[in-house]
There are 2 protein chains.
Amino acid sequence: MKYVYFFNKGESEGDTSIKSLIGGKGANLAEMAGLGIPVPPGFTLSTEVCRYYNEHALTYPESLKPEVEDHLRRLERATGRVFGDRSNPLLVSVRSGAAVSMPGMMDTVLNLGLTDETVAGLIAKTGNERFAYDSYRRLVQMYGDVVLGMQPEDESEIDPFEEILDNLKEKKGVELDTDLTAADLKGLVESFKRAIEERLGVSFPQDPNEQLWGAITAVFSSWNNQRAAKYRELEGITGLIGTAVNVQAMVFGNMGAGCGTGVAFTRNPATGENEFYGEYLMNAQGEDVVAGIRTPLPISNLRDEMPRIYDELVAIRTRLEEHYRDMQDIEFTIEENVLYMLQTRNGKRTAFSWLRSQVEMVAEGLISEEEAIRRVPATEFAKLFAPILDQADIDAKKMSPITTALNASPGGACGQIVFSAGKAEEWAAAGKAVILVRIETSPEDIGGMSVAKGILTARGGMTSHAAVVARGMGCPCIAGAGDLQIDYSAKQMTVNGQVIEQGAIIAIDGFTGKVYNGGITVKPSEIVQVLTGEMTAADSLLYQHYSTFMGWADRFRTLAVRTNADTPHDAAIAIRFGAEGIGLCRTEHMFFAGERIIAVREMILADDEAGRREPLTSKLLPIQRSDFAGIFRAMNGLPVTIRLLDPPLHEFLPHDAAGQREVADVMGVSPERIKEKVDALHEFNPMLGHRGCRLGITYPEISEMQVRAIMEAACTVHKEGTKVQPEIMIPLVGHVKELALQRELSVRIAEEVLTENGLSKEEIPYLVGTMIEVPRAAVTADEIASEAEFFSFGTNDLTQMGCGFSRDDAGTFLQEYIRKGIYAHDPFEVLDRAGIGKFVQIACNLGRKARPGIKLGICGEHGGEPNSISFCHETGLDYVSCSPYRVPIARLAAAQAALAE
Amino acid sequence: MKYVYFFNKGESEGDTSIKSLIGGKGANLAEMAGLGIPVPPGFTLSTEVCRYYNEHALTYPESLKPEVEDHLRRLERATGRVFGDRSNPLLVSVRSGAAVSMPGMMDTVLNLGLTDETVAGLIAKTGNERFAYDSYRRLVQMYGDVVLGMQPEDESEIDPFEEILDNLKEKKGVELDTDLTAADLKGLVESFKRAIEERLGVSFPQDPNEQLWGAITAVFSSWNNQRAAKYRELEGITGLIGTAVNVQAMVFGNMGAGCGTGVAFTRNPATGENEFYGEYLMNAQGEDVVAGIRTPLPISNLRDEMPRIYDELVAIRTRLEEHYRDMQDIEFTIEENVLYMLQTRNGKRTAFSWLRSQVEMVAEGLISEEEAIRRVPATEFAKLFAPILDQADIDAKKMSPITTALNASPGGACGQIVFSAGKAEEWAAAGKAVILVRIETSPEDIGGMSVAKGILTARGGMTSHAAVVARGMGCPCIAGAGDLQIDYSAKQMTVNGQVIEQGAIIAIDGFTGKVYNGGITVKPSEIVQVLTGEMTAADSLLYQHYSTFMGWADRFRTLAVRTNADTPHDAAIAIRFGAEGIGLCRTEHMFFAGERIIAVREMILADDEAGRREPLTSKLLPIQRSDFAGIFRAMNGLPVTIRLLDPPLHEFLPHDAAGQREVADVMGVSPERIKEKVDALHEFNPMLGHRGCRLGITYPEISEMQVRAIMEAACTVHKEGTKVQPEIMIPLVGHVKELALQRELSVRIAEEVLTENGLSKEEIPYLVGTMIEVPRAAVTADEIASEAEFFSFGTNDLTQMGCGFSRDDAGTFLQEYIRKGIYAHDPFEVLDRAGIGKFVQIACNLGRKARPGIKLGICGEHGGEPNSISFCHETGLDYVSCSPYRVPIARLAAAQAALAE
């Protein structure tokens, strides 16, 4: 088996077609080299090595070592340098690179090959003693940290090496690393080596081969470190066998004048605007830019500083976009006025950037409409509708920003500030909105970042850890706010003289980079404002792109998209988002507000049918009728699927003594009476209890009232001149006879109401159908179809009953199941195709066999999840139904599914 | 459509082949008439009329009336009498008769056709005025009760007509009805008619046709009365369209000397002995025998009293047994020395009688072994193993019976006496063992009878209501205990001077008819005693019959029968009952006793894996190993399927504060700690929570311990020279990867233990398989079969998850579902073939496709239920597994299923 792949201009052994084998970084280096772009040569140890390593008690295949040695010789030939040579040493970097990018999650070691002996060769070769020792001290530091495991001894210590460095700077009275002399740095190497020996009892290795294997092993090991595992879990990355390791000849951006390093995007990753967008630092190594320790300069400055290099970069930018036909995220280093590309990959970007870049690339003729639709991750799409700070509120409160910094991730957020990820998690768990404020973030902060409403950092640029992660999470972020002085121990920050304590409320605008001291109303996104008429389409470029893009999506998709809406208000929003009907109107939500709940409770407390009919008829009927009429008007002729009462009755009664006393007072009965009823209604497994159509069968009067309300509302709205298409949906059917009974009742009442109103079924073409959410219903769907004019898959309950775990209780093991790969995704988020999907397929096949042309839809939460929507398309459903804000996502996902065929 | 069917000697329009149309009684009357047996002629209104009546707002088809009139004319021709004629009146009975016998549940009216005018004709015809008026007063009484609805006005009144009768007898100073004169009875007719007019405001009809239609309608209506509906529910009678109505010429057993009436069985319905067995009353109507008002004479007395009639009866007995080839239950009337058969039907009998009669009929050459096996209702079979009173205890306590009466239904019972059905239900619900004591029982008492441990009545014979119902229920019963004086209002009874209060403990022996005042140990049945060696087979005819019969069953069946057993003791019992292996050994039951629960709790309370491993390894491992060794020894080489831990961990901790304090003391931790853990383990839907293999996956150390205990025990017992076949069963698998993980673990540990013991898989051929109880597992059974060497269907949980209702919570609607015919049976009792059965079929098909020859079994409670066993046979399972006492039932049901093919 071949384990190692070489890359160099014109002699690459790989390319992006074997990305899963050599990782994204390795594949793109090989591909760029193949394109004739200047890339330092190197070789890649494949992901198969990582797999072998983890499956064989952390050992390597026998053939690996000779293969690496062969490639090292080849690299020496390509560079004209020799690894470990005293006069002309080859230095290499060792970096991770999995098939899916996991920025900053795994380890890297630079400058490998430097020893007390070879450093002399580097000095001789470069004539730059200071640079050579700076490189060496960086190697010792990184190697000590990554390979040997130097860690802070307690919380007060930041980093053992940084502390030595800080002490030295203090002693020398200098502020910047660059103020240290060659001798200082040489002394620092010795101090670092001593610290390692003292603390760990081992020496920094003087054998370059030992260094190389140490670093390779550290990178392979880092695949399974805690933060990488957590990142994969959060990002839903599964199915990878490990990381590849790239060993590449070093080029130096920190050799003095004419040297520098930078990262850039071929388009703006926040907005998508077609501009060359990036940052660089002169006389620095790449890690300095990404780590956010120094705040870099915008890439446009390079045009003046190094015009030839800038032009070369711009040409490469064009070449890469033309080759990859997508926005690239690149890293480069300038070594003594020579440009080297260290990396290219498809750029991570905001949803805004996705939308604009793709729409513009179509306009530029770079890609087709189909490609634009295929590419935009539908899951990202929700972020277009993310809230923004309300300018009117800012104006009214006459608020000015206390500082403005980098608009690192879009969206407005408002909340209480905290200074540690742990506190963020704690407060968020307690229901507080928090803004996480850090000097800079690190991978350890992932947990806190994922629960924060917004992130604010004092250091770092657009490509800093905080910025990259926040954009990925769709979390508003402002980075590099240098005005902030943060005191972790005092739990406060000072901004231009204002002291702001932990817990104080601030607001941040991730679109503009403005930070406000105080609360600001957060309001809907620009697209939502256009949709609701608060802004005109002409004023919003974003909306125009959105509209163009959705037009394409609608042209490609075949699946209809409906919405889950319980009120005229939600129905109206959904229509604006493009909903083509209501797939699920839950009537029980209408039972809770105000007077209604009292009537519902009267009904529940009644001793007999007559006692139940009274509040149903005199109180709830008129209320529901008016609710339904409002919804029918809002939907203006589109079909509306209304589910009859579903939850168990005990949900309408308070379970605590105080609540029961209160209800007793209102109802004029004794609290004991309420408690008795609550106790009588208690269930051991409420999921599997007296609910759904079981209620309608034991209390037919409830179904009668609801069907009457639906049909009376339909008649009223029909008479107003609006078309109405009610679809009466019977929930939780498991047996065809349950449906038969409820269908008979529904048709009887519906015909009664039509007759009373002098209307016919031709005028109000109502349907009666059922949810398919009980496993038994799925496997007997042929029988059930004989009584159902439509099926709507309730995949939430179908997952609970089909998999046999309740959503509320699965927390104790489901995360572990996903970690162990039993389920690839949380089956409540992404439809479990192999299992629950099979129920859906069985039911569709049986249903269509018994009733050709039966209408099939899905109304579980999976109806708004792209992977699940794709399944629905493949299975041939007629529609999906999802919450109003997810309708555009569903439209896009449906188009993608159609194009994937 | 033909609605009415005539029957008469040689001119019957029907027979038993159309039983569902003309009911059991009508079909048998027609069939007997066809055989030339003397039957009073008549005609039957079919069950289609009943269906029409109930489906058409209680009206009849138009063609019915002329059809009835035609048949009435034909009946007049057959009898030579005329309906409503003043001089030669035809009198008829109107009786119900469904396709399935429902004794006493529906209404009957006799002597129809008598009016103030026709009574004179009857007097003229019979010359017996007293008889004529007695018949007339009976008609008015029955008609008033059944058709017009005379009811007691309050609880103090027994029956309005009986009260008038009692008053008259008191006034006349006579004790028996027979002491009343013709004039008395004539006066009684007038009093009865007046009472009807006063209380109901209607007159007793003087038009015989009005009487006839009134009675017909009353019988059709009684199909849906409460007690008939309740009876059908209790007996599981479904699928009938209604009752037929038989209109038959009256013959009179109460016309004086040479008259009589009786009921008999062609064999003993209690023991099955081949003897003519029955009772008669001279000068009485049939209702007098059945109602148990007078205690009748044994049939053998008739040999001396009316030898010719007796011989004729015996000849008919032989004819009927030869024709029907089964034990018959017959009714006859002797009118002026002429014998008429009023009914024959297959006799209801005890399980003992079933067994003996069928075994002996095979010996007599009357039926084949196959027929014997086919016929015995497997559900009845359990009663063979019913407990009996312990003679040793009776001897030790020197107890003598306080009275001896009719041994109406076999079995011993001991409990507290109650005098009303309502009290019986109340006390039984409170967990008390009750003996229901009544003067006589009536259909209204069904509820109380069904919960009583035993029934004792003061009046009535072997065919009284109490006797018939008790035998059907398998409830011990003693009837006709004339020594009992029961005072309902004082809630006490006096027996030969001893006063016994409500709540006192008595014991009854339904085999012998003996009643004891005081508690007696109830012990196992005779068969169980032989099986356990407490009695020899030679001493037990019952056991010999059982053994012969089971030998036939085992020859016919192809399905293996295993048992569900958790202890060596249960395993040993099951072996005696013929179990061929253990299909389900639940390991959690082993976790509860004594020291074990402490170790289990230590494990649950541990904070980490090491903390859990300690009690698992040091305490639970040796205990489980020894348990399993005991079971392996008991099973002596038969396969033993052991299920790994299944219930959620919170089941092992107390949920109340007192229990928690106690545990805290024993464990040496704070009660808060226990409460915290209980709270942490709380689940909203425990059925769908952290249990089954989910435990083994999150805590692999538990599975490791259990597999080690199983395999170490297997090695130990193997080394003792006993073959061992352990089958390790992983519970609650929903996804193949769950099984893969647990299988890998199981095989790893198993091989470890085998190696440690120097043994191989050839020597201990262990299997690893899974329960199929999660719906997802059923539809992905092909994937699951790739990791499973066997499937065992857990149909309890499969029903709960598949139907989406929990057994604990379904009570609120499931009975109503069965009443409404949604499910024909409780799906937890009888496997729901159309739904849950479909899951089983899908899983079998997929499983066999992926792994031909995969071993398939069932271990849910359905494994002991005959209908479900028949499904398992049809589906081609390899075995069923059930509780030890149900093993013989399963063997029989399996044979019946095989013969049904």
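Throughout, a chain's letter reflects where its sequence line sits, starting with A, and its residues are numbered from 1.
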Participant: If you look at every heavy atom in B/E738 and A/I822, which pair is closest and at what distance?
Facilitator: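 Heavy atoms only, the tightest pair is CG-CG2, 3.8 Å.
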Participant: What residue, out of A/R776, A/Q800, A/E816, A/M801, has the most heavy-atom pairs lying under 4.5 Å from chain B?
Facilitator: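 Looking at each option in turn, the highest pair count goes to A/R776.
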Participant: Mind ranking B/C803, B/S806, B/G821 by heavy-atom pairs under 4.5 Å with chain A and telling me who comes out on top?
Facilitator: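 Looking at each of B/C803, B/S806, B/G821 in turn, B/S806 comes out on top.
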Participant: Just wondering, more than 12 heavy atoms not from A/E744 lying within 6.0 Å of its CD?
Facilitator: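 Not buried by this count: 12 neighbours or fewer within 6.0 Å.
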Participant: Between A/I697 and B/F813, is the side chain to side chain contact (heavy atoms under 4.5 Å, CB included) condition met? List the steps.
Facilitator: CA-CA 9 Å; A/I697 285 168; B/F813 54 87; over 6 Å; no
Participant: Can you tell me which portion of A/L814 sits under 4.5 Å from chain B's heavy atoms? Options are side chain, backbone, both or neither.
Facilitator: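 No part of it gets close to chain B.
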Participant: Does any heavy atom of chain A fall under 4.5 Å from the side chain of B/L732, the backbone, both, or neither of them?
Facilitator: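 Looking at B/L732, nothing touches chain A.
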Participant: Can you tell me which portion of B/D797 sits under 4.5 Å from chain A's heavy atoms? Options are side chain, backbone, both or neither.
Facilitator: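 No part of it gets close to chain A.
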Participant: Only pairs of heavy atoms separated by less than 4.5 Å count here; which of B/T698, B/T780, B/L695 has the most with chain A?
Facilitator: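 With the most close heavy-atom pairs to chain A, the winner is B/T698.
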Participant: Any chance NZ of A/K675 has more than 12 other-residue heavy atoms, nucleotides or ligands included, within less than 6.0 Å?
Facilitator: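 At most 12 heavy atoms, drawn from other residues, nucleotides or ligands, come within 6.0 Å of this atom.
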Participant: With rounding to the nearest 0.5 Å, note down the distance linking OH in A/Y817 to NZ in B/K737.
Facilitator: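 Going from the OH atom of A/Y817 to the NZ atom of B/K737 covers 12.5 Å.
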Participant: May I ask you to name which of A/D809, A/I842, A/D832 has the most heavy-atom pairs under 4.5 Å with chain B?
Facilitator: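 The option with the most such pairs is A/D809.
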Participant: Which residue out of B/A777, B/A740, B/G804 racks up the most heavy-atom pairs below 4.5 Å with chain A?
Facilitator: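 Maximum pair count with chain A is reached by B/G804.
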Participant: Do you know which of B/R807, B/K820, B/E683 has the most heavy-atom pairs with chain A at a distance under 4.5 angstrom?
Facilitator: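 Heavy-atom pairs under 4.5 Å are most numerous for B/E683.
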Participant: Please classify the contact of B/A834 with chain A as side chain, backbone, both or neither, using a heavy-atom distance under 4.5 Å.
Facilitator: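 It is both, since atoms from each part get that close.
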Participant: Sort by residue number and list every member of residues 684-694 of chain B having a non-hydrogen atom under 4.5 Å from chain A.
Facilitator: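 Answer by number: B/F684, B/N685, B/P686, B/M687, B/L688, B/G689, B/H690, B/C693, B/R694.
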Participant: Sort out for me which of B/V736, B/V774, B/V779 touches chain A most, counting heavy-atom pairs under 4.5 Å.
Facilitator: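 The answer is B/V779.
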